[in-house]
Amino acid sequence: MITEFPETYRSGYVAIIGRPNVGKSTLLNYILGFHLSITSKKPQTTRHRLLGIKTTATAQAVYIDTPGLHQNYKGAMHRYMNKEAMTTLEDVDVIVFVVDGVKLSSEDEYALELLEKCQQPIVLAINKVDKIKKKEILLPFINELSSRLNFSQIVPISAAKGSHIDELEKHIEAHLNLSPAYYPEEQITDKSDKFLASELIREKLMRLLGQELPYAVAVEVEAFEEEERIIKISGIIWVERSNQKTIIIGNKGQQLKEIGKQARLSMESLYDKKVFLKLWVKVKEGWSDDERALKSLGYSDYLKGEC
Ligand SMILES: Nc1nc2c(ncn2[C@@H]2O[C@H](COP(=O)(O)OP(=O)(O)OP(=O)(O)O)[C@@H](O)[C@H]2O)c(=O)[nH]1
Ligand SMILES: [Mg+2]
């Protein structure tokens, strides 16, 4: 426990920004040392901003994981997701811009255009370098990127394997403010247990259903009752059409059973307690493009923003 903060103690907000699927949430989880933010092979896994707070003896970095920035959005949910990412840029002390591979996509370009307007230091993390066999092909990519924006640092990393993350964290820490911690030492996120539970269910849906998963799926945790030895959770999986409900339930209910089992195991590891989980699938037509319905499912706060 930190009883007194030294004068050299640093604290600040760190935005993790980039196009969908580059590994932003995987990076946050590696830094924190546990699975807080959901991840999957599918782009647009993260839908809401989420704080992940890392407190050490020398600094408190308040990371903000964001939905991947995407260009060709349609509908209210996509608008919400882009705003969630852009608003984050307003008040942070440092930005970590994540890319992967060795080529810029049009979505990376879109993110770069937004970042050009930012005044804060930007650290570039080139992720998934474990997938690059010939490391020398990174060099022209690094040159191209550094000619585009004046990055404070450029660090090739692998969030999945944990390579060079400590180096990245050192650079981030140097950009934080000289200040005692903003949040209590034991606080790890701004999100409720109920929110984290609903996200773990959505993660299993994304991972188990893959291409079959309808994009418009949302999870609502109706009840979260913590007792001495067990947490009782019940959740609703909302879809837009009845054929989507059939897919999620699967043959003789096997698919839903597996989703529930995997979500329960992840919850037990997150809460360090036994979990009893009940899941239902329900249909609500057109919710993903209906701002009122979105609000009721937690997609609230249309915020203006940029940096
Ligand atoms: N090989 C490799 N795969 C990675 C690495 N980092 C992340 N991934 C994989 O990339 C996929 C996307 O990772 P996420 O962390 O969900 O990506 P994201 O940027 O948060 O995506 P959105 O939330 O959709 O914006 C997952 O399948 C990860 O396992 C890495 O360093 N190496
Ligand atoms: Mg993510």
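Whatever order the structure lists ligands and atoms in, that order sets their numbers, starting from 1.
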Could you check K252 against K257 for side-chain contact (heavy atoms from CB on, under 4.5 Å), going step by step and ending with a plain yes or no?
-> CA-CA 9 Å; K252 295 185 185 145; K257 205 168 156 195; over 6 Å; no
Criterion side-chain contact (heavy atoms from CB on, under 4.5 Å) on R49 and D65, from CA distance to verdict | CA-CA 6 Å; R49 267 184 306 176; D65 188 16; over 6 Å; no
CA sep, side-chain torsions, deciding dist, call: L51, K191, side-chain contact (heavy atoms from CB on, under 4.5 Å) | CA-CA 7 Å; L51 296 193; K191 297 292 186 197; over 6 Å; no
Please assess V94 against Q120 for the test side-chain contact (heavy atoms from CB on, under 4.5 Å), listing each intermediate value before the final yes or no.
-> CA-CA 6 Å; V94 46; Q120 303 97 322; 5.7 Å; no
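Here Y9 pairs with F5 under the ring pair (Phe, Tyr, Trp, His ring centres under 6.0 Å) rule; sequence neighbours left out. Qualifying ring pair (Phe, Tyr, Trp, His ring centres under 6.0 Å) partners for Y182, counting only residues two or more places apart in sequence or in other chains: Y13.
We find that R19 and D100 are joined by a salt bridge, their nearest charged nitrogen and carboxylate oxygen being less than 4.0 Å apart. Under 4.0 Å is where a charged nitrogen must lie from a carboxylate oxygen, and between E199 and R202 at least one such pair does. Taking 4.0 Å as the cut-off between side-chain N and carboxylate O, R264 and E268 count as a salt-bridged pair.
Around the Mg ion (ligand 2), protein atoms of type N, O or S found under 2.8 Å number 2.
At a heavy-atom cutoff of 4.0 Å, ligand 1 is surrounded by P20, N21, V22, G23, K24, S25, T26, T39, S40, K41, P43, Q44, T45, T46, G68, N127, K128, D130, K131, S158, A159, A160.
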